[in-house]
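Structure record follows, encoded as structure tokens.
Values below: all heavy atoms of this structure, side chains included; hydrogens, waters and symmetry mates excluded. We number each residue from 1, following the sequence as shown.
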Amino acid sequence: MKKYFNYILSLILILSIPGLSACTDYLDKAPQSDIDPDDAYKNFTNFQGFVEHLYNHIPMIVGYEYHSCWNFGEDEYWEPTEQRLTATQFDQGNFWAWQTAYYSWFKPGGNPNNTDRMQGKGNLWGLSWMAIRKANVGIANLDKLINATTEERNLIEGQLYFFRGWFHLNLMQYWGGLPYIDEELGSNSIFKLPCLTYQETAEKVASDLERAAQLLPVDWDDTAAGKATLGNNNIRINKVMAYAYLGKNLLLAGSPLMNKVSGGNASYHTEYCKRAADAFAQALKICEETKRYELADFSEYTQLFYTYNQSNRIPGLKEAIFYENLSGTADGRFHYNQVNDYRPPSLMNEGIKCYPTANYVDLYGMANGLPIPDITKPDAESGYDPEYPWRDRDPRFYHDIMVDGEKCVLDGSRVGNDPERQYASLYEGGRFRNDPLNPAKSVFTGYMLSKYISKYNNSWEGYRENCIMVLSLMRLADVYLMYAEATTYGYGGPNQKATGYNLTPVDAVNKIRARAGVGPVNDKFTGSTESFMSELRRERAVELAFEGHRFTDLRRWMLLLESPYTLKKAVYFDRGMRDEEVFADPWNARVLNLREEVLHERLFEEKHYWFPFLRDDVNMYAEFEQNPGW
């Protein structure tokens with residue numbers, strides 16, 4: 001991408017200097033040295049340089065600050081006394097914290113050229129509106145692109161329309177219906193666009209994304225224009241991205257919350273879901289025919305989420321469709337401080353501690369594909385036994401979650417050959433549960449995360465260094481699962497198919513499960529939409545765990561206010577065998593007195609389905625109304 005920056009960045013900086021034209025009367029300058037404002041748009045190279053700035057406005061989520069939080073469902077529990085985090089503030093019902101919390105990637109600021117640690121890349125609100133304006137400026141100047149081929153014009157136009165829709169969609173997920181800005185507004189314009197309903201806004205997003213999908217290629221490497229940056233086009237906006245986000249936009253618009261606030265009822269909107277299913281089907285057919293994006297083999301599952309000692313290689317493989325902002329270098333923006341947050345003081349005596357909740361871990365069912373009805377009781381059908389609670393579980397459980405007795409320090413001499421530090425001591429009374437170095441930062445939930453960091457992440461053996469973690473905002477597994485949901489409600493059940501596509505919703509879920517070595521959806525869940533949806537929700541929770549989707553899912557399903565989704569729990573148990581036996585085979589270890597206790601209950605109201613708008617914004621004019629309850 002940097003190829004396009006050199007000319008256009010200088011041009012934009014010059015054109016943005018206030019009063020420049022007034023200075024030309026007395027500046028010494030060579031003849032014809034003025035830069036024509038139309039130069040930014042006259043050919044593909046220059047116009048693409050303008051478009052590159054829109055990529056720079058994609059939010060940075062994981063590395064925007066020293067500590068970053070992006071999971072706001074019932075999935076994680078952060079150190080409860082730490083008030084600088086949006087996650088902690090949200091748990092307390094303070095959704096104003098999106099704009100006021102020290103650690104918030106939603107912030108209203110939006111200058112990508114400021115001097116803070118990550119140059120303002122964590123400011124979703126401000127950067128999105130800035131990007132929307134730039135997209136509109138570009139669209140308004142498309143007629144100036146005269147020195148370009150049809151392919152080049154389509155590439156420019158497709159990106160502009162994609163970004164205009166995409167940035168509106170990102171805002172809508174959290175704030176609901178918006179004023180849709182689809183024209184270039186001058187500095188003296190009187191801005192009085194009303195807030196549209198969610199579905200009205202979604203229709204405008206859909207129009208932009210549909211247009212983008214028609215114009216964009218599947219792979220820039222296969223275009224004449226893309227040859228100039230061959231091999232560096234992976235994150236450029238393409239047809240699959242446009243269809244996938246079109247489907248997501250329509251699925252959200254058809255979900256119970258969005259349907260209700262748009263004047264419908266708290267159920268799925270069939271037509272929106274049908275349109276979503278068709279869009280997802282288009283994206284999936286392209287992927288299956290071209291192999292542009294593919295599900296990773298489970299042997300490489302870790303590399304979807306982080307890479308270690310791979311020369312700063314970005315994770316995601318061919319499954320990642322759309323990334324968070326990749327500005328700067330990935331090296332250091334996660335392991336510099338964030339990695340300290342996921343281990344207790346005995347392993348990492350720094351950081352704001354964060355651990356997966358016990359109730360969320362319970363969603364990881366059995367390897368045979370069946371859920372666990374009650375973690376404290378045996379279940380003959382699934383084979384779950386509370387005396388051996390980690391035996392025969394979904395393989396993703398062992399990948400994502402650390403349990404009692406797992407080795408977390410390879411060289412025992414590093415910790416004075418203390419088994420309570422070399423092996424995870426997560427039983428009641430264990431060192432990690434009551435860490436003498438700082439009890440308030442102990443593993444208060446009873447589980448530790450290993451999805452984004454090595455199980456050997458500690459202060460001594462180097463596994464926290466050279467760890468590159470970048471969040472995929474959309475990956476192919478998510479598209480299969482969204483297709484399953486949209487088709488179920490759009491086409492009348494879990495055994496139907498979208499037009500022109502050969503997978504049923506059950507097939508799509510089983511495709512994701514088969515990749516992980518998990519049994520298929522049991523027949524008892526495939527006979528009705530309601531029963532299938534219970535397993536589909538659980539599948540999304542497990543496959544997309546801790547990737548930032550849960551909060552939006554709970555809200556759009558209208559479950560955010562409902563128990564048990566308001567609860568954050570810890571697990572407690574005693575070891576039922578000798579320590580050495582636990583260390584030798586922790587996943588098959590026997591435990592006694594297994595139980596869970598509530599650490600926190602979130603007391604939410606209807607208003608918590610949406611973020612509040614900035615007060616300054618809603619006070620600009622009467623047509624811009626505050627979200628209800630705020």
Side-chain angles (χ1 to χ4, degrees), residues 60-71 76 78-79 85 103 105 116-119 121-122 296 299-317 320 323-356 398-402 406-418 420-425 431-432 435 437-438 441-443 447-472 546-548:
M60 181 183 293
I61 300 172
V62 167
Y64 76 93
E65 254 298 352
Y66 297 110
H67 302 276
S68 304
C69 48
W70 59 91
N71 293 304
E76 290 180 343
W78 284 82
E79 195 176 319
L85 296 159
Y103 295 121
W105 64 274
D116 68 10
R117 178 171 174 263
M118 286 300 175
Q119 294 77 53
K121 299 303 189 303
S299 64
E300 298 181 305
Y301 197 61
T302 292
Q303 294 185 56
L304 293 179
F305 313 112
Y306 75 93
T307 58
Y308 170 69
N309 268 357
Q310 294 188 33
S311 301
N312 297 340
R313 181 185 179 189
I314 301 298
L317 303 176
Y323 288 102
E324 64 168 320
N325 196 307
L326 298 176
S327 295
T329 60
D331 181 30
R333 73 186 207 176
F334 188 72
H335 81 242
Y336 183 81
N337 206 49
Q338 182 83 23
V339 293
N340 299 320
D341 295 347
Y342 302 109
R343 295 293 180 267
S346 286
L347 298 181
M348 295 284 201
N349 196 20
E350 295 176 302
I352 304 172
K353 300 307 178 183
C354 175
Y355 307 111
Y398 305 118
H399 178 273
D400 296 354
I401 306 297
M402 284 194 74
E406 286 197 74
K407 183 182 285 189
C408 39
V409 178
L410 290 172
D411 182 355
S413 66
R414 298 277 191 174
V415 290
N417 294 313
D418 179 359
E420 288 282 292
R421 297 177 72 192
Q422 185 176 5
Y423 300 89
S425 47
R431 182 185 177 104
F432 286 8
D435 200 309
L437 295 182
N438 193 334
K441 294 179 181 285
S442 300
V443 185
Y447 294 109
M448 296 188 298
L449 185 70
S450 58
K451 187 166 187 173
Y452 295 128
I453 53 175
S454 168
K455 291 178 183 283
Y456 304 117
N457 191 61
N458 56 58
S459 293
W460 309 282
E461 294 176 322
Y463 283 87
R464 68 174 180 170
E465 309 302 331
N466 302 317
C467 174
I468 307 302
M469 190 278 182
V470 174
L471 195 65
S472 296
F546 315 111
E547 296 182 43

Compare all side-chain heavy atoms of Glu461 with those of Val409 and state whether any distance is below 4.5 angstrom.
yes
I want to check something: taking the side chain as every heavy atom from C-beta on, are Asn340 and Asn337 in contact at a cut-off of under 4.5 Å?
yes
Ser450 side chain to His399 side chain, donor-acceptor N/O pair below 3.5 angstrom
no
Sequence neighbours excluded, which residues qualify as side-chain contact (heavy atoms from CB on, under 4.5 Å) partners of Ser68?
Tyr64, Trp70, Gln338
Look only at the side chain of Glu79 and the backbone of Ile352, and say whether a donor-acceptor pair between them is shorter than 3.5 Å.
no
First locate atom CD of Gln422, then atom OG of Ser413, and finally report the distance between them rounded to the nearest 0.5 Å.
8.5 Å
Minimum heavy-atom separation for Arg343 and Lys455, please, with both atom names.
NH2-CA, 3.8 Å
In terms of heavy-atom contacts, Tyr306 and Cys467 come closest through CD1-SG, 3.9 Å
Taking side chain as C-beta onward, heavy atoms only, is Asn458 less than 4.5 Å from Cys408?
no
Close side-chain approach of Val470 to Leu326, heavy-atom, < 4.5 Å
yes
Say you draw a straight line from CE of Met469 to CZ of Phe334; how long is it, rounded to the nearest 0.5 Å?
5.0 Å
Check step by step if side chain to side chain contact (heavy atoms under 4.5 Å, CB included) holds for Met448 and Ile401.
CA-CA 6 Å; Met448 296 188 298; Ile401 306 297; over 6 Å; no
Write down the atom of Ser459, the atom of Met348, and the distance for their closest heavy-atom approach.
OG-SD, 3.6 Å
How about Asp411 and Trp460: do any of their side-chain heavy atoms sit closer than 4.5 Å?
no
Could you tell me whether the side chain of Cys69 reaches within less than 4.5 Å of the side chain of Trp78, counting heavy atoms only?
yes
Partner residues of Gln310 under the side-chain contact (heavy atoms from CB on, under 4.5 Å) criterion, sequence neighbours left out:
Gln303, Thr307, Arg313
Parallel, tilted or perpendicular: which describes the rings of Tyr103 and His67, with under 30° parallel and over 60° perpendicular?
perpendicular
Strictly distance-based, threshold 3.5 Å: is any side-chain N or O of Asn71 a donor or acceptor partner for the main-chain N or O of Gly548?
yes
Validation row, ring centre Tyr308 to ring centre Tyr463 under 6.0 Å:
yes
Would you please test Arg431 and Leu437 for side chain to side chain contact (heavy atoms under 4.5 Å, CB included) and show each step?
CA-CA 10 Å; Arg431 182 185 177 104; Leu437 295 182; 4.0 Å; yes
Please report the closest heavy-atom contact between Ser442 and Asp435, naming both atoms and the distance.
OG-N, 2.7 Å
State the CG-CD distance between Asn438 and Glu350, to the nearest 0.5 angstrom.
12.0 Å
Tyr456 vs Lys407 side-chain heavy atoms within contact, under 4.5 Å
yes
Quick one: does Leu347's side chain get under 4.5 Å of Asn457's, heavy atoms only?
no
By the definition side-chain contact (heavy atoms from CB on, under 4.5 Å), identify the one residue from Phe305, Phe546, Tyr452 that meets it with Leu471.
Tyr452
Rounded to the nearest 0.5 Å, how far apart are CZ of Arg464 and OH of Tyr342?
14.5 Å
Taking only residues two or more places apart in sequence, or in another chain, which ones meet Ala320 in a side-chain contact (heavy atoms from CB on, under 4.5 Å)?
Tyr323, Ser472
